**Q** 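Encoded as structure tokens, here's the structure I'll be asking about.
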Amino acid sequence: MTTETRKVHPGDYCGHDLSDVAVARTQERVTYDIVFVTTKHTVTADSKICPQCETKNTGVFPNQMPGPRQYRPGIVARIITMLCAHMLSRKRTADRIYILTRQR
């Protein structure tokens, strides 16, 4: 499991220095994959509100993380194998994938 935090960089949005401003909230995006074990990569982006112009400034997520949860090719292959080769129902496959992605 890996985790990283994306900070708000000075001048990303409004141009004011936000280094002394407290983080208003954080957003999290997660990528899951299965190679031999389940891997999980979490990116957290800080959000700050500029006290001068009240602009919301948020750290930037990587391009390969467009939404809150992503599944890499290994987990997609596992789903296809469960459905086609093992002939599991969609519900049982979904239950097993849920268990695999929640182990860490």
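Model, not experiment: these values are computed from the prediction.
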**Q** Measuring from atom NZ of Lys48 to atom OG1 of Thr58, what distance do you get when rounded to the nearest 0.5 angstrom?
**A**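 With rounding to 0.5 Å, NZ (Lys48) is 11.0 Å from OG1 (Thr58).
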**Q** Grouping I, L, V, M, F, W and Y whenever their side-chain heavy atoms are under 4.5 Å apart, do Leu88 and Val76 come out in a common cluster?
**A**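 Leu88 clusters together with Val76.
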**Q** Among residues at least two apart in sequence or on other chains, which ones pass salt bridge (charged side-chain N to carboxylate O under 4.0 Å, His left out) with Arg6?
**A**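 Counting only residues at least two positions away or on another chain, Arg6 forms a salt bridge (charged side-chain N to carboxylate O under 4.0 Å, His left out) with Glu4.
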**Q** Is there a chain of hydrophobic side chains (I, L, V, M, F, W, Y, each step under 4.5 Å between heavy atoms) that links Val30 to Ile75?
**A**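 Linked within one cluster.
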**Q** Could you go step by step and tell me if Thr2 and Thr42 meet the side chain to side chain contact (heavy atoms under 4.5 Å, CB included) rule?
**A** CA-CA 6 Å; Thr2 58; Thr42 304; over 6 Å; no
**Q** Measure the spacing between CZ of Arg90 and CD1 of Ile97 and express it to the nearest 0.5 Å.
**A**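 Rounded to the nearest 0.5 Å, the CZ-CD1 separation comes out at 15.0 Å.
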**Q** Side-chain contact test, heavy atoms from C-beta onward, threshold under 4.5 Å: evaluate it for Pro68 versus Glu28 and give yes or no.
**A**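 Side chain of Pro68 against side chain of Glu28, heavy atoms only: no contact under 4.5 Å found.
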**Q** Which atom names give the shortest non-hydrogen contact between Gly59 and Ala45, and what distance separates them?
**A**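 Closest heavy-atom pair between Gly59 and Ala45: O-CB, 3.6 Å.
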**Q** Gln70 and Gly67: which non-hydrogen atoms are nearest, and at how many Å?
**A**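 Nearest heavy atoms, Gln70 then Gly67: OE1-O, 2.8 Å.
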**Q** Mind checking the CZ-NZ spacing from Arg69 to Lys40? Nearest 0.5 Å is all I need.
**A**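 Reported to 0.5 Å precision, the distance equals 8.0 Å.
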**Q** Can you tell me how far apart OG1 (Thr93) and CE (Met87) are? Round to the nearest 0.5 Å.
**A**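 Those atoms lie 12.0 Å apart.
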**Q** Within the side chain of Asn57, is there an N or O that forms a donor-acceptor pair under 3.5 Å with the backbone of Thr55?
**A**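 Looks like yes, one N/O pair under 3.5 Å.
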**Q** Just by modelled atom types, is the Pro51 backbone N or O under 3.5 Å from a matching donor or acceptor in the Glu54 side chain?
**A**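 Pair absent, no side-chain N/O of Glu54 close to backbone of Pro51.
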**Q** Checking the side chain of Arg29 only, and the main-chain atoms of Met65 only, is there a donor and an acceptor separated by less than 3.5 Å?
**A**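 Between the backbone of Met65 and the side chain of Arg29 there is a qualifying donor-acceptor contact (under 3.5 Å).
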**Q** What distance do Lys91 atom NZ and Arg96 atom CZ have between them, rounded to the nearest 0.5 Å?
**A**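 Here the rounded value is 12.0 Å.
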**Q** Show me the pairs that pass ring pair (Phe, Tyr, Trp, His ring centres under 6.0 Å) and involve residues 47-78, at least two apart or across chains.
**A**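 Qualifying pairs: Tyr32-Tyr71.
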**Q** Side chains of His41 and Thr31: donor-acceptor distance under 3.5 Å anywhere?
**A**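 There is no such pair (donor and acceptor under 3.5 Å, judged by atom type) between the side chains of His41 and Thr31.
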